[in-house]
Number of protein chains: 2
Amino acid sequence: MSEAKHNRANADGAEPGRDMQHIVTSADVAREAGVSRSTVSRCLSGDRRISDATRKRVQETANRLGYHVNKIARSMNTRKSDLIGLVTSGLSDPFRVEFLDKLILAIQQSGYRPLVIDVSDPAQMGTSMMHLLQYQVAGVVVTSGSPPPEVGVHFLKRNVPVVLVNRAGRLEGADVINCDNVRGGEMAADLLLETGKTRFGFLNVKGGTFSGNVRGETFVSRLAPRLANGDISFTPLVCDSADYDGGFNAALKFLATPETAPNAIFCAKDHIALGLLDAARFELGLRIPEDIAVVGFDDIAAARQGAYQLTTVCQSATKLAEMTVDRLRQRIRGDALTDQRLILPVEMTRRRTA
Amino acid sequence: MSEAKHNRANADGAEPGRDMQHIVTSADVAREAGVSRSTVSRCLSGDRRISDATRKRVQETANRLGYHVNKIARSMNTRKSDLIGLVTSGLSDPFRVEFLDKLILAIQQSGYRPLVIDVSDPAQMGTSMMHLLQYQVAGVVVTSGSPPPEVGVHFLKRNVPVVLVNRAGRLEGADVINCDNVRGGEMAADLLLETGKTRFGFLNVKGGTFSGNVRGETFVSRLAPRLANGDISFTPLVCDSADYDGGFNAALKFLATPETAPNAIFCAKDHIALGLLDAARFELGLRIPEDIAVVGFDDIAAARQGAYQLTTVCQSATKLAEMTVDRLRQRIRGDALTDQRLILPVEMTRRRTA
DNA sequence: TCGTTGAATGCACACGTGTGCATTACCATT
DNA sequence: AATGGTAATGCACACGTGTGCATTCAACGA
């Protein structure tokens with residue numbers, strides 16, 4: 001008997017429970033309750049074969065000793081943890097934060113725990129996702145970036161489901177959930193056409209994102225007939241970053257001469273729209289929506305605030321989170337066999353900017 | 001040999017690496033490289049005793065087979081994972097989100113992984129924190145709520161460090177990190193006194209929070225001499241929720257009659273201040289800062305935006321996160337012996353609302 | 001009374017890793 | 001040549017749990 005590595009006192013069996021450093025295991029409960037360790041395990045997992053008498057006794061002893069399952073050890077045996085990996089990049093994008101908020105809640109209520117992985121560098125996406133496998137995660141949700149195709153097979157091989165949310169989905173074995181970017185782009189076009197404005201613009205981040213590109217493309221498609229007529233004009237607008245500052249600086253750059261600048265602008269996302277609004281109003285002295293009509297996308301909390309009252313396409317973070325977790329659970333349970341592509345409906349929320 | 005539980009093909013040893021479901025373990029690498037499993041383990045952990053030749057050979061085989069350490073198994077053995085528990089409640093508070101953003105980054109850069117626990121119900125705080133112990137976490141950061149004293153001993157017993165950030169700290173064995181609420185309250189008072197306004201107010205959420213109470217108390221203390229003179233007046237203001245809506249509704253309630261209402265208001269946090277500002281400007285038609293001067297606390301991103309330009313006490317989320325992780329690492333390493341209480345300096349950031 | 005059945009429980013293995021100690025091999029010193 | 005020392009590696013145990021199979025025991029029908 002080595003007993004050297006972990007210095008437990010009372011190795012000879014005299015009152016082992018009194019050891020300060022000792023952590024209660026199922027073996028302790030078993031000894032104390034006068035049953036085998038298997039019985040303890042079965043009692044706590046609700047196995048029907050255990051008699052009510054012993055079940056009760058075991059549960060009482062477990063409570064008395066303050067026993068808690070060691071989930072690491074359990075995962076070691078079952079080869080599956082109750083962790084769900086969340087791949088994201090920072091918490092600066094307001095809509096993603098709202099989504100993560102609901103997602104974390106939904107994950108917890110399903111009995112899982114979120115393990116967050118932050119990938120700021122897209123090139124590290126692959127290795128970061130592989131890191132998740134080291135923790136035997138039960139599933140993964142990707143909310144940022146696009147995982148390289150080769151990681152898909154590793155998750156497939158281990159039956160670890162992957163859900164891509166609002167991403168370009170080329171990943172084999174993964175489900176894809178998107179809000180209805182197509183319908184959103186169309187609704188934005190329809191509403192801006194109603195305003196009677198004639199110089200249209202779509203503001204997106206340089207290089208574009210998957211969601212943003214789809215929104216922009218369908219926006220333009222919807223304008224196409226009127227563009228062909230020559231009734232209206234369209235200008236693509238590009239900003240350096242997909243956030244408030246990006247929108248702010250873009251406004252300074254593109255709206256400096258209001259007579260010719262676009263006056264009906266669809267922004268790829270609300271956060272950009274907020275910056276645009278502030279620069280237009282407070283730096284350039286433009287009136288909203290008289291001088292410029294603005295439509296955003298997402299319906300983040302700030303869009304509802306008095307200072308902005310942004311007209312925007314609303315996608316529900318709550319529903320998106322529920323869909324995500326539902327799908328994850330289906331796959332974990334083994335129900336879902338084929339990859340699926342789900343679409344969350346969107347709505348137009350009309351406020352004061354268009 | 002049972003071989004029934006986990007259905008591995010090729011149990012007889014013929015080309016075991018070709019099994020589809022098989023996951024590469026250190027034993028595979030050992031066999032392939034012609035060494036013992038111990039040697040593999042030592043190579044990958046950088047043990048000096050291994051000769052350069054075998055180290056190189058082992059690392060090459062590991063890469064070739066695509067071996068990744070099973071961290072669950074490692075944790076099982078070492079009784080410590082590289083997970084750090086983050087106790088929070090939702091992602092609706094902007095400053096907490098900014099802090100978590102930086103914190104997650106800092107945690108990852110130190111080689112750890114954040115495991116998020118969301119406690120919406122304060123009564124569940126205790127059990128939720130106990131859940132963290134099931135994952136053998138290396139440490140815990142509490143950013144919301146106040147853990148009940150009895151959980152402290154469990155973490156102490158297992159040498160799992162706990163850091164409370166911007167919380168009331170009564171927890172034995174835990175470090176406490178706060179921003180300088182005292183100095184912040186004083187600075188807010190000084191600045192608002194400078195404006196020449198005479199009717200002072202402090203807006204906090206009903207019931208108060210630890211940080212908010214300290215800010216309010218020192219604010220009033222600083223006003224005390226002038227209050228005693230009768231130069232100025234002070235009214236405590238209370239809102240229902242510690243967010244935008246709370247501030248908004250409070251403004252409607254308390255600022256309806258501008259002649260007698262407070263005109264120099266210190267808000268316990270920026271998020272509340274934003275709501276107050278919008279209601280005051282857009283609902284009540286008040287001018288800022290001519291009619292009402294407002295000072296916030298935190299310096300969240302929105303405070304910098306053109307629509308608000310909030311004058312506020314700035315605490316750096318980045319520095320707060322760095323301090324937190326530094327302290328965690330010290331304790332994990334075993335350097336830090338006694339509980340510590342750290343204070344992050346704050347600064348006044350003057351913008352347009354006071 | 002004996003064999004059969006079914007419920008309740010224990011035994012023993014497996015999960016994949018880190019590490020103390022023993023062992024081997026090789027070289028320098030006496 | 002014998003001895004001592006050191007560098008490199010293997011053996012074997014432990015971590016705490018879930019679960020297939022064997023075992024026990026009581027009840028019951030023939």
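Here is the naming used below: chain letters follow the sequence lines, and residue numbers restart at 1 for every chain.
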S.K.: A/H68 NE2 to D/dT17 P: how many Å, rounded?
M.R.: 12 Å

S.K.: Measure CG/A/L44 against P/D/dG16 and give the value in whole Å, please.
M.R.: 16 Å

S.K.: At under 4.0 Å between heavy atoms, what does B/S41 touch on the DNA or RNA strands: base, sugar-phosphate, or nothing?
M.R.: base

S.K.: Using a cut-off of 4.0 Å on non-hydrogen atoms, how would the nucleic acid contact of A/S45 be classed: base, sugar-phosphate, or nothing?
M.R.: nothing

S.K.: Using atom CG of A/L133 as one end and atom C1' of C/dG16 as the other, report the distance to the nearest whole Å.
M.R.: 15 Å

S.K.: May I ask you to say whether B/R31 pairs ionically with B/D28, meaning some side-chain N is under 4.0 Å from a carboxylate O?
M.R.: yes

S.K.: Just how far, in rounded Å, is P of D/dT19 from NZ of A/K80?
M.R.: 14 Å

S.K.: If you draw a 6.0 Å radius around CD in A/Q340, do more than 12 non-hydrogen atoms from other residues or ligands fall strictly inside?
M.R.: yes

S.K.: Could you tell me whether the side chain of A/S38 has a donor or acceptor atom within less than 3.5 Å of a complementary atom in the base of C/dC11?
M.R.: yes

S.K.: Compute whether any side-chain donor of one residue and acceptor of the other, for A/S89 and A/R96, lie under 3.5 angstrom apart.
M.R.: yes

S.K.: Rounded off to whole Å, could you give me the CG-to-P distance for the A/D82 and D/dG18 pair?
M.R.: 12 Å

S.K.: Give a yes-or-no answer on whether the side chains of A/S41 and A/S38 include a donor-acceptor pair shorter than 3.5 Å.
M.R.: no

S.K.: Nearest to the B/T25 side chain among C/dT17, D/dT17, D/dG10, which nucleotide is it?
M.R.: C/dT17

S.K.: Nearest heavy atom decides the nucleotide; on that basis, is B/M76 or B/D52 closer to the 5' end of DNA chain D?
M.R.: B/D52

S.K.: Ignoring hydrogens and angles, are the base of C/dG18 and the side chain of B/N77 linked by a donor-acceptor pair under 3.5 Å?
M.R.: yes

S.K.: Tell me the side chain to side chain donor-acceptor pair (under 3.5 Å) pairs involving residues 116-128 of chain A, sequence neighbours left out?
M.R.: none

S.K.: Strictly below 4.0 Å, N to O, side chains only: are A/R331 and A/D339 in salt-bridge contact?
M.R.: yes

S.K.: With a cut-off of less than 4.0 Å, is there a side-chain N or O of A/Y135 near OP1 or OP2 of C/dG16?
M.R.: no

S.K.: Nearest whole Å is fine: how far is D/dA14 C1' from B/R79 CZ?
M.R.: 9 Å

S.K.: Determine whether any donor atom in the side chain of A/R42 lies under 3.5 Å from an acceptor atom in the base of D/dG20, or the reverse, and answer yes or no.
M.R.: yes

S.K.: Rounded to 10°, tell me the angle between the two end axes of the helix from C/dT1-D/dA30 to C/dT30-D/dA1, each built from five pairs.
M.R.: 60°

S.K.: In whole Å, I'd like the distance from the CZ atom of B/R74 to the P atom of D/dA14.
M.R.: 22 Å

S.K.: Decide yes or no, distance alone: a donor-acceptor N/O pair under 3.5 angstrom between the base of D/dG18 and the side-chain of A/R37.
M.R.: yes

S.K.: When you match A/V40 and B/T39 each to their closest nucleotide on DNA chain D, which lands nearer the 5' end?
M.R.: B/T39

S.K.: Please state how far atom CG in A/D47 lies from atom P in D/dT17, giving the value in whole angstrom units.
M.R.: 17 Å

S.K.: Looking at B/T78 and B/K80, would you say the former's side chain and the latter's main chain have a donor-acceptor pair under 3.5 Å?
M.R.: yes

S.K.: Give a yes-or-no answer on whether the side chains of A/Q330 and A/R333 include a donor-acceptor pair shorter than 3.5 Å.
M.R.: no

S.K.: Would you mind classifying the nucleic acid contact of B/T54 as base, sugar-phosphate or nothing, using non-hydrogen atoms under 4.0 angstrom?
M.R.: sugar-phosphate

